[in-house]
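Just so you know, these numbers come straight off a predicted model, no measurement behind them. Read the numbers this way: they start at 1 and go in the same order the structure lists the ligands and their atoms.
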Amino acid sequence: MVKLDILQKVYECRDLDELRGIYDSWAETYDSTISGTMSYRGHEYIVDAVRPHLGDDAKILDAGAGSGMVGLAASLAGFTHVDAMDFSAGMLEVARDRGVYREIRPGVLGEALDYPDNTYDAVLSSGVFTPGHAPPSSFDEIIRIVKPGGLVCFTLRHDQTPPGFIEKFDELAKDGLWQQVRVSEPFQSMPGGEPEIRHRTWLFRVTPGRPSA
Ligand SMILES: C[S@@+](CC[C@H](N)C(=O)[O-])C[C@H]1O[C@@H](n2cnc3c(N)ncnc32)[C@H](O)[C@@H]1O
């Protein structure tokens, strides 16, 4: 069983610039460690969850795209329009080389996103809502850029749910901005090295005719 010091470092990180720096320097070897050695599969679960709800030409944003594993899974599943956004330029370079994204743009979840209202049929995000990473407030902007009736699908760390997420989900539902479609059972997200780490896949639909932001 392989334990990765770098994983501990990113989960405990409390500083955005430091986290960005870690991902920049990890970018070249990220795939071989996370997807290879650790057998991470969160990206596949996300794509499986939305596949029955979307046509091939749905306009999708992979938020916190990293090296592009969601984009790859989406392309293998037949989706033809996936864009990528991440705050690490190093990770986005690797994602670009993968050749599966239409447009690649830097952006920070938790801050204003550089996309017009109602741009996407779905925003997908794998491995980004986890300790030390993007905050619950990210969903305000995500919902703004998803079309009414569109989808938001992401993994959330389950064995150590970061604070404020479940409350945020409830608040957004109470405010009429989205409804939960389904949440998966917890699954081992990195069985190859961190079997105790579990995530769940959450799927929400942005309310058609939602109140404007
Ligand atoms: C664990 S990796 C997951 C990458 C990819 N989604 C996957 O499934 O392999 C987390 C990614 O989120 C990005 N990230 C973390 N916090 C972010 C934030 N606040 N805004 C944008 N990207 C962020 C990191 O740069 C990194 O690429």
Side-chain angles (χ1 to χ4, degrees), residues 4 6-50 60-77 82-98 100-101 104-115 122-142 145 152-157 160 162 164-165 168 187 189-190 192-194 197-202:
L4 282 184
I6 197 161
L7 265 186
Q8 210 48 42
K9 257 167 86 181
V10 296
Y11 284 142
E12 286 171 5
C13 199
R14 293 289 170 267
D15 179 280
L16 215 64
D17 288 333
E18 190 190 346
L19 186 66
R20 184 188 285 116
I22 296 172
Y23 276 110
D24 278 345
S25 55
W26 191 7
E28 284 302 323
T29 55
Y30 176 87
D31 275 13
S32 59
T33 48
I34 289 295
S35 185
T37 315
M38 310 296 276
S39 312
Y40 181 70
R41 291 290 173 267
H43 46 291
E44 291 168 0
Y45 293 125
I46 296 282
V47 171
D48 286 351
V50 297
I60 295 172
L61 178 68
D62 179 6
S67 65
M69 293 203 287
V70 169
L72 178 62
S75 148
L76 290 172
V82 190
D83 296 339
M85 183 273 280
D86 198 286
F87 76 177
S88 159
M91 293 295 262
L92 286 182
E93 271 314 301
V94 179
R96 187 180 306 281
D97 290 346
R98 219 183 261 289
V100 293
Y101 293 108
I104 296 184
R105 224 184 259 197
V108 182
L109 289 162
E111 298 182 4
L113 298 178
D114 183 22
Y115 300 96
V123 172
L124 313 186
S125 195
S126 154
V128 185
F129 299 111
T130 196
H133 287 55
S137 61
S138 309
F139 291 104
D140 295 329
E141 277 289 279
I142 288 177
I145 67 172
V152 183
C153 187
F154 54 90
T155 58
L156 177 69
R157 178 89 177 256
Q160 284 179 28
F165 277 88
K168 183 71 182 177
F187 60 89
S189 41
M190 289 179 276
E194 302 278 355
I197 295 184
R198 283 163 195 271
H199 281 75
R200 293 203 286 177
T201 300
W202 293 75

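- Using cut-offs of 30° and 60° for the angle between ring planes, the Phe129 and Phe154 rings count as perpendicular.
- Aromatic ring pairs are classed by plane angle as parallel below 30°, tilted from 30° to 60° and perpendicular above 60°; the pair Tyr40 and His43 is tilted.
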Before giving the answer on side chain to side chain contact (heavy atoms under 4.5 Å, CB included), spell out for Leu7 and Ile34 the whole-Å C-alpha distance, their side-chain angles and the decisive distance to 0.1 Å. CA-CA 9 Å; Leu7 265 186; Ile34 289 295; 4.3 Å; yes
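- For ligand 1, the 4.0 Å heavy-atom shell takes in Leu19, Tyr23, Tyr30, Tyr40, Gly64, Ala65, Gly66, Met69, Asp86, Phe87, Ser88, Met91, Gly107, Val108, Leu109, Ser126, Gly127, Val128, His133, Ala134, ordered by chain and residue number.
- Classification of the Phe187-Tyr45 ring pair by plane angle, with boundaries at 30° and 60°, yields tilted.
- The main-chain N or O of Ala89 is found under 3.5 Å from a side-chain atom of Asp24 such that the two form a donor-acceptor pair.
- Judged by distance alone, with hydrogens and angles left aside, the side-chain atoms of Tyr23 form no donor-acceptor pair with the main-chain N or O of Gly66 at under 3.5 Å.
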